[in-house]
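Below: the structure, in structure tokens.
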Amino acid sequence: MKSEHTKNMSDAEIKELRKSIESMTEEELAKFRNSFDPDDMGFSGEEGDVE
């Protein structure tokens, strides 16, 4: 499932991003996570119906 951050990325770009994240140190990973605006986070697309 794609997120708001990855919705415009190709599968190859997402794989490259995943590889990059896997090789990050704890400090680099924390910095990467903190670089996102929480208000822009979430899944891309319409929300499902909740019954």
Side-chain angles (χ1 to χ4, degrees):
M1 183 170 277
K2 292 192 174 191
S3 70
E4 287 294 322
H5 178 71
T6 61
K7 69 182 178 185
N8 296 320
M9 293 177 136
S10 69
D11 288 340
E13 290 171 317
I14 292 172
K15 282 183 183 181
E16 190 63 34
L17 177 61
R18 187 172 292 142
K19 283 173 49 177
S20 172
I21 291 169
E22 289 173 354
S23 67
M24 288 181 181
T25 65
E26 289 295 321
E27 184 177 303
E28 290 170 328
L29 187 56
K31 190 174 184 179
F32 174 77
R33 288 178 176 157
N34 290 332
S35 70
F36 294 96
D37 179 0
D39 293 332
D40 289 335
M41 301 289 287
F43 297 109
S44 176
E46 294 183 30
E47 294 182 26
D49 292 330
V50 178
E51 295 179 22

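- Applying the side-chain contact (heavy atoms from CB on, under 4.5 Å) rule to Glu13 yields the partners Met9, Ser10; only residues at least two apart in sequence or on another chain are considered.
- Take Thr25 and apply the side-chain contact (heavy atoms from CB on, under 4.5 Å) test, not counting sequence neighbours, and it matches Glu27, Glu28.
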Contacts table for residues 15-23: side-chain donor-acceptor under 3.5 angstrom, sequence neighbours left out:
unit_1: Ser23; atom_1: OG; unit_2: Ser20; atom_2: O; d: 3.0

